Each structure stands twice: as structure tokens, then as C-alpha cells.
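Here is the structure we will look at, set down as C-alpha cells.
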2 protein chains.
Amino acid sequence: MNESDVFRALADPTRRAVLERLLDGEKNASELREGLGISQPAVSQHVAVLRSAGLIAEKKSGRHVHYSLAPDGLAPVFDWLTRYRSFWPARVDRLKTLLKEMDQ
Amino acid sequence: MNESDVFRALADPTRRAVLERLLDGEKNASELREGLGISQPAVSQHVAVLRSAGLIAEKKSGRHVHYSLAPDGLAPVFDWLTRYRSFWPARVDRLKTLLKEMDQ
DNA sequence: GTAAAACATAAGTGCGTGCTTATATATTGC
DNA sequence: GCAATATATAAGCACGCACTTATGTTTTAC
């Protein structure tokens with residue numbers, strides 16, 4: 001749940017792929033597994049890492065578990081990144097545009 | 001120089017500490033080493049990882065090498081992070097404030 | 001030219017990590 | 001209750017990685 005856990009969790013491409021899939025909305029473990037080409041336990045282990053890093057939330061529903069992106073789970077990364085804002089020259093404009101869009 | 005290299009580079013706390021030190025300005029390897037409690041080759045190896053991830057730049061000057069943060073080196077992280085902007089609720093306001101400050 | 005300084009590379013080591021198969025736990029449908 | 005489904009945990013393995021010591025390379029100072 002600290003900065004180190006989050007960065008470590010994000011270092012693995014399979015875990016980033018899992019997060020990516022959750023952008024569409026919540027999914028259970030079997031759905032997350034599709035196309036990843038790894039075993040069911042592997043998914044379960046990745047999910048455990050993401051959850052203990054505070055990146056995903058889970059909601060049990062019978063024998064299914066629905067996983068979703070945890071709001072503000074990426075906050076540690078975001079906070080870390082803002083310290084380097086002077087080194088983003090080309091990104092700031094994009095960011096401003098983004099925020100204007102969000103205002104509307 | 002791609003997303004995976006950058007995330008992998010950032011996963012190590014010592015490497016994040018190295019970047020942190022470069023926020024003050026450029027430093028050579030011996031200066032970077034101070035307080036880290038690791039050997040000179042270890043620093044050299046971390047620097048190599050950061051450089052091949054596009055996160056730091058180097059400028060040779062005699063027998064010294066001055067390392068500095070690479071402008072836009074964190075762009076891959078930033079771009080990745082913007083995809084999750086809907087899950088930053090509490091961060092957006094802070095970000096707006098930050099950009100207002102940068103405008104002045 | 002020679003020694004020292006700054007950094008890089010090589011080689012080895014131990015531990016972490018991502019995977020597997022096997023098994024356990026819990027829930028549903030019949 | 002029993003089989004099937006959904007997920008978690010255990011144990012083992014292979015590889016990656018962060019370190020170390022030893023050595024190489026380049027540059028400066030004398």
C-alpha cells in the first residue's frame with residue numbers, strides 16, 4: 001500500500017495488462033485470465049500482488065470475485081511523478097488540455 | 001526506452017533514490033553514491049539501467065561523468081497514467097492547482 | 001611515464017519472483 | 001449430498017536481479 005509496493009506491482013507487464021482490462025469495468029478472475037496465456041493460479045497470484053498494493057478492489061458475489069480498479073490506487077505513482085514535473089516539458093500542455101476536457 | 005523498461009527501472013528503490021538526488025541538479029557517480037551504502041559498481045549498474053530506460057542523460061567531462069534527469073524521460077509513465085485518470089478522483093484538484101502555479 | 005582517481009565491465013552469489021502442477025476451500029445446481 | 005465451478009494456497013523450479021570483489025579503461029596530476 002506504499003510507494004514501493006505500487007512500483008513493484010506495476011513493474012510486471014502481465015499485471016499492467018490486468019489493470020488495463022479493468023478499465024472496461026469489473027471482471028472476475030476467469031475473465032481476467034482470457035488471452036493472457038497463463039494458468040489460473042498465476043492470475044490469482046498477480047491479483048493478490050495488485051490488491052496488496054492497493055491497486056484493485058474486490059467484491060465477492062457467491063463463488064465469483066469481481067475485481068475492479070481501486071479509486072486513487074495509483075495516487076502514490078501520481079504523487080511521485082509530480083515531483084518531476086519540471087522534467088515533463090512536452091507533457092504539460094497535453095495535461096492542460098486533458099483537464100479542460102474534464103471540466104466540460 | 002519503452003514503457004516496460006521504464007517501469008522496471010523504477011521498481012527498484014535505490015534507483016528511485018538516484019533519480020531523487022538528480023532533482024537538485026546534475027551529479028557525478030561518486031556524488032550519487034554518497035549515503036546510498038552500496039559499492040561503486042552497484043551505482044554504475046543502476047545508472048546504466050536508468051540510462052537505457054531513457055530516464056537519465058550523461059555528459060562526459062574529463063574523467064567525470066555528469067548525470068542528469070532526462071527531460072521527458074518519465075513520459076511513458078505519464079502517458080500510461082493518464083489512461084487511468086478516471087480513477088484519480090482526489091488527485092485532479094491538486095493537479096489543477098499545480099498547473100496554475102506553473103502558469104505564474 | 002607513473003600513480004591515482006573516476007567510472008565501467010566481468011564474474012560470481014544469494015535471494016526474489018513469476019511460473020508451473022497439485023491440492024484445498026467455498027459456492028452453486030442438481 | 002455430490003459433482004462441478006471459481007478462486008486461493010502450497011510447493012517446487014528456473015531465471016532475473018541487485019549486490020559483491022576483482023579487474024579494465026580513461027583521464028588527470030605530478
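Being a predicted model, the structure only gives us computed values, none of them experimental. Naming: A, B, ... by sequence-line order, numbering from 1 per chain.
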*Sequence-aligned protein contact record of nucleotides 20-25 of chain D, with B where the base is within under 4.0 Å of a protein heavy atom and S where only the sugar-phosphate is*: BBB---
Round to a whole Å and report the spacing from [atom1] of [X] to [atom2] of [N].
X: B:Arg51; N: C:dT9; atom1: CZ; atom2: P; value: 8 Å
X: A:Asn28; N: D:dA8; atom1: CG; atom2: C1'; value: 14 Å
X: A:Lys59; N: D:dA6; atom1: NZ; atom2: P; value: 18 Å
X: B:Leu50; N: D:dC17; atom1: CG; atom2: C1'; value: 14 Å
X: A:His64; N: D:dA4; atom1: NE2; atom2: P; value: 17 Å
X: A:Glu34; N: D:dT7; atom1: CD; atom2: P; value: 11 Å
X: A:Glu58; N: D:dA6; atom1: CD; atom2: P; value: 17 Å
X: A:Asp12; N: D:dC15; atom1: CG; atom2: P; value: 17 Å

Residue-phosphate contact under 4.0 Å: [X] side-chain N/O, [N] OP1/OP2:
X: B:Arg8; N: D:dG16; value: no
X: B:Ser30; N: C:dC7; value: yes
X: A:Tyr67; N: D:dA6; value: no

Spacing of [X] atom [atom1] and [Y] atom [atom2] [to the nearest 0.5 Å]:
X: B:Asn2; Y: B:Arg8; atom1: CG; atom2: CZ; value: 10.0 Å
X: A:Leu50; Y: A:Arg16; atom1: CG; atom2: CZ; value: 11.0 Å
X: A:Gln40; Y: A:Gln45; atom1: CD; atom2: CD; value: 9.0 Å

*Ionic contact status for A:Arg21 with A:Glu34, cut-off 4.0 Å*: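 No salt bridge links A:Glu34 with A:Arg21.
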*Would you find a donor on one side and an acceptor on the other, under 3.5 Å apart, between the side chain of A:Arg85 and the backbone of A:Thr82?*
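Such a contact is found between A:Arg85 side chain and A:Thr82 backbone.
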*Can you tell me if B:Tyr84 uses its side chain to pair, donor with acceptor, with the backbone of A:Asp72 under 3.5 Å?*
no
*Return the 5'-most residue of the pair A:Thr14, B:Ala29 with respect to DNA chain C, ranking by each residue's nearest nucleotide.*
B:Ala29
*asked:* Regarding B:Arg15, tell me which of base, sugar-phosphate or nothing describes its non-hydrogen contacts under 4.0 Å with the strands shown.
replied: sugar-phosphate
*Is the base of D:dT5 touched by the side chain of A:Arg63 through a donor-acceptor pair closer than 3.5 angstrom?*
yes
*Aromatic rings A:His66 and A:His64: how do their planes relate, parallel, tilted or perpendicular, breaks at 30° and 60°?*
parallel
